[in-house]
Amino acid sequence: QDGMNAQELGKLLHREPAEIVKKLFMLGVMVNQNQSLDKDTIEILAADYGIEAKEKVHEDLSDLDKIFEKEMENTEHLVSRPPVVTIMGHVDHGKTTLLDHLRHSHITAGEAGGITQAIGAYQVRHGDNLITFLDTPGHAAFTEMRARGANITDITILVVAADDGVMPQTIEAINHAKAAKTPIIVAINKIDKPDANPQHVTDQLMQYGLVPEKLGGDTIFVDISAKFGKNIDELLDMIILEAEVMELKADPDQPAAGSVIEARLDQGKGPVATLLVQQGTLHVGDPIVVGHTFGRVRTMTNERGRDVKKATPSSPVSITGLNEVPEAGDRYVVFDDEKTARAVGEERAKEAQVEERRKTTRVTLDSLFDSL
Ligand code: GTP
Ligand code: MG
């Protein structure tokens with residue numbers, strides 16, 4: 001531990017303090033028995049004795065995934081949370097048109113003017129309910145989360161153009177949703193088109209196990225026209241219905257935990273990250289560890305660029321105040337005090353550095369061998 005002296009360290013390692021001092025001398029560190037040692041010196045010494053000097057607490061804390069999982073399980077005051085929805089489908093089948101339509105027609109009351117700032121995710125209001133949509137399907141965050149076997153989406157909307165039918169990326173989307181065990185709601189789009197054939201699309205989808213409820217299956221199908229806004233309310237009703245069946249819940253009373261949707265470096269603001277709150281409530285001022293970086297939430301804005309003081313489960317927010325730019329798909333956890341957050345953050349930053357150095361060393365060695 002930081003600040004220990006040779007005497008205390010000797011006791012811990014079952015060595016005479018004099019031996020410790022001697023050893024330190026040989027390592028080029030001149031101290032007496034009572035002088036407190038810094039962490040690096042202790043680590044070097046411990047390594048010399050073949051002992052991992054990592055403070056136990058740090059070792060546990062640096063496993064952010066583990067802390068995250070614990071946060072997700074730790075749920076004392078569960079309340080319903082909005083569903084997090086992803087729109088997927090083949091090229092040109094109308095994903096962006098649907099998202100744009102929702103963006104402009106279903107914004108929160110009193111916030112007319114629409115979304116001024118694209119932050120990769122946004123919420124729409126439907127009656128008394130909120131629904132969180134994640135923008136840009138096939139986004140880096142999903143790919144990254146998928147690679148780790150984790151998932152941030154509750155429901156997948158599969159958009160299939162009624163005049164085009166099932167296509168390669170339609171099948172890909174079905175497989176992705178199945179792998180992630182998220183329910184699919186089928187939105188057969190472009191039904192306004194004269195050559196639209198929703199029945200044919202349904203027949204095709206049934207071959208992939210998506211059977212409409214009216215035919216004895218358990219998949220919800222909605223015929224829509226994203227371009228003309230037809231049946232969009234019905235689609236939103238179905239999302240709410242599905243969400244109710246899923247009983248999506250979170251505990252807003254605990255410190256926040258969640259995932260990074262996207263992140264970038266802003267010239268003026270520094271690192272800016274869009275976070276999805278998956279557990280707890282995120283507040284301005286919260287000490288936070290995000291991936292391999294950390295900080296304190298300095299500012300927090302919603303998808304309309306409005307400053308917000310707190311963000312409840314399933315809300316997407318854009319934050320500043322991190323030391324570095326995290327990566328899409330990274331997890332984050334809020335800590336009760338800044339000291340712990342800093343300790344965990346620094347530990348993780350160090351790990352990342354070691355990993356980076358290992359990589360560069362490998363590269364250097366490789367190029368060295370290549371040049372021989
Ligand atoms: P990618 O992002 O390239 O994968 O495509 P996308 O799925 O986002 O499709 P997008 O929303 O860009 O729509 C493709 C074309 O289809 C555009 O020209 C839209 O105007 C048109 N379109 C989308 N929805 C409808 C619809 O309901 N009816 C009609 N008639 N056209 C539509
Ligand atoms: Mg698009």
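Start at 1 and go down the list; that is how both ligands and their atoms are numbered. These numbers come from the heavy atoms of this one structure, side chains and all, not from hydrogens, waters or symmetry mates.
If you check each of Thr97, Val91, Ile224, Ile87 against atom 13 (O) of ligand 1, the one with the closest non-hydrogen atom is Thr97. Of the candidates Ile188, Asn189, Asp163, it is Asn189 that places a heavy atom closest to atom 24 (N) of ligand 1. Remark: among candidates Lys230, Lys193, Lys95, the nearest residue to atom 4 (O) of ligand 1 is Lys95, based on non-hydrogen atoms.
For the pair Gly94 and ligand 1, the shortest N or O to N or O distance falls below 3.5 Å. In terms of polar-atom proximity, Lys190 is counted as a contact of ligand 1, with an N or O under 3.5 Å from an N or O of the ligand.
Applying side-chain contact (heavy atoms from CB on, under 4.5 Å) to Phe335 and the options Ile67, Asp286, Ile288 leaves one that passes, Ile67.
Checking Gln278 against Ser259 by side-chain atom types alone, a donor-acceptor pair falls below 3.5 Å. Under 3.5 Å, the side chains of Asp237 and His126 contain a donor-acceptor pair of N or O atoms. A donor-acceptor pair shorter than 3.5 Å cannot be found between the side chains of Asp164 and His90.
Atoms of ligand 1 lying under 4.0 Å from any heavy atom of His93, numbered from 1 in the order shown and given with element: 7 (O), 9 (O). Ligand 1 places these atoms under 4.0 Å from at least one heavy atom of Ala226: 24 (N), 27 (O). Listed by number with element, the atoms of ligand 1 under 4.0 Å from a non-hydrogen atom of His90 are 7 (O). The Thr96 neighbourhood of ligand 1 comprises atoms 2 (O), 6 (P), 8 (O), 11 (O), with distances under 4.0 Å to a heavy atom of that residue.
Under the 4.5 Å side-chain heavy-atom criterion for grouping Ile, Leu, Val, Met, Phe, Trp and Tyr, Val85 is not connected to Ile184 through any hydrophobic cluster.
Contact check on Asp192 versus Lys190 returns no salt bridge, with no Lys/Arg side-chain nitrogen under 4.0 Å from an Asp/Glu carboxylate oxygen.
At least one N, O or S atom of Thr96 sits under 2.8 Å from the Mg ion (ligand 2).
Protein heavy atoms are absent from the space less than 4.0 angstrom from atom 18 (O) of ligand 1.
Checking side-chain atoms of Thr219 against main-chain N and O of Leu210 turns up no donor-acceptor pair under 3.5 Å.
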